[in-house]
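These notes are about the structure you will find just below.
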Amino acid sequence: MIVMKFGGSSLADAGRIVNMMEIVKGRIKRKPVLVLSAMGDTTDYLLESAGTALKKGFVSIEKIEELHLKTIEDLSLGVSLQKEIKNLFWELGSLLTGISLTKELTGRTRDYLVSFGERLSVRIAAAYFRSKKINARALDAWDAGFISDSAFGQAELRSESYIRIASYLRALTAEGVLPVITGFIAKDENGNITTLGRGGSDLSATVIAAALKAEEVQVWKDVDGILSADPRLVENARPVELVSYDEAAELAYFGAQVLHPQAMQPCIKTGIPVLVKNSFNPAASGTRIEPGPVKDTPLCRAITSKKNVTLVDIVSTRMLGQSGFLARVFAEFAKNGISIDMIATSEVSVSLTLDADRDLSTVCRELSGYAAVEVKTGKAIVTIIGDVCRSSEILHETFGICRKLKVQVQMISQGASKVNISFIVNDKEANSIVKELHRFFFSGEKKPPAKKTKAGKPVSAKRKT
Ligand code: ASP
Ligand code: MG
């Protein structure tokens, strides 16, 4: 049994859905279970429509209706599906009318609203499979056993989901049914619809795979797998064939737009491999993510950057030599629900990074009672995933490049997971560093380009003794 997840771009219109069916058909013997995102940019459109209802007071779902109705028409799907889809539009329209009248959009309502994207896509896809004589059934995640807490927008699945998913889907597949399940959404114990965070259908897929002890999860995207760098930045970024779970998780946390950061967890627990594939180029081998450590780790496997990061420097004013300083600092952040990405510490100070959209006023007020706090915005984390057993070599080359580019490294951390080295620079410096690091680590050129003298001759790095 395998789990196949298709993202929005792999389902963007009728043509893409036909293409998806071909991909699934080619793997039908492996007993796939499908997990789908919303079609194309539907989730964004839904959020836009909420903004319109809220600010302008009217309901606008034309873009969403047009996309789905045209797809149904292009796929020549029948009247009963049209009716079902129109009922969903009616429900969506009513919800937006409610928002426009109350001028209120709670987390709960927002989750209910964005759930329509996935609920629409699975119904259309399953109907299309049936029209091609494949016995598919559309399922809303809650019907397949997904139950979460009530943290709207970022809900966590309850552990009993695994048992419920396994028993429901095992029974269904035993009847020869191809389940087509909504990614991204669940319901809490009170029956409210919740979402697992943007991009959350990757997580839905890995949870199903773990529940069913599937042999593999395939995540179908619009890129040839995990790339060695962001292709918008680095022209010759190349697909990475094999990475370990740890490496993939670090890449996801530090900016690579490949997998939902939490999506690796269910696979890590169960040892199920994940294959990231390109639905626009199914022949490409993609990236295989496996339990580590993976053989033949190169010096550098991939480079990512995460921009718009805030750096907070906290220096103890009172607690010199006393225990409990770090515990107090972290407790302030925890109390305020602020998650910390990177840290570096010394005896009396700690530097840490956070996402820029966090409100730090309360934390800073509390901390200033016993520490000097400096908040620096506009920073970027550059992360190198590679062979950390050769970290001195990586650091040597990296600092050489930073020096050449006249970039000051403001903080550095070698991940405990032993796969990444991350450092902080100014936002505007990140692109050139990533490009230069990639050029160096991936072009086969194993020395940083030497500084030139005025006469154009390279300066020797070696000192004469
Ligand atoms: N449709 C949701 C989103 O765009 C979930 C997903 O695609 O994974 O975030
Ligand atoms: Mg999506």
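Order of appearance sets the numbers: ligands from 1, and atoms from 1 within every ligand.
Looking at ligand 1, you'll find an N or O of Gly199 within less than 3.5 Å of one of its N or O atoms. Considering backbone and side-chain atoms together, Thr43 places an N or O closer than 3.5 Å to an N or O of ligand 1.
Comment: Asp44 engages Arg198 in a salt bridge, judged by a side-chain N to carboxylate O separation of less than 4.0 angstrom. By the 4.0 Å N-to-carboxylate-O rule, Arg288 lies close enough to Glu216 to be salt-bridged with it.
In the model, Ser148 has a side-chain atom that pairs as donor or acceptor with a side-chain atom of Thr194 under 3.5 Å. For the residue pair Arg439/Ser443, the side-chain donor-acceptor check at 3.5 Å is not satisfied. If you check the side chains of Asn281 and Asp224, you find a donor sitting under 3.5 Å from an acceptor.
Look at Gly8 and you'll find every heavy atom at least 4.0 Å from all atoms of ligand 1. Not a single heavy atom of Gly183 sits closer than 4.0 Å to an atom of ligand 1.
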Could you give me the CA-CA distance, side-chain angles and deciding distance for Lys379 and Asn426, then say whether side-chain hydrogen bond (donor to acceptor under 3.5 Å, both in side chains) is met?
CA-CA 4 Å; Lys379 305 293 171 191; Asn426 288 332; 2.7 Å; yes

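Taking every non-hydrogen atom of Arg198 and a distance limit under 4.0 Å, the qualifying atoms of ligand 1 come out as 3 (C), 4 (O), 9 (O). Atoms of ligand 1 lying under 4.0 Å from at least one heavy atom of Ser37, given by number and element, are 6 (C), 7 (O), 8 (O). Contact atoms of ligand 1 toward Glu118: 1 (N), 2 (C), 5 (C) (distance under 4.0 Å to a heavy atom of the residue).
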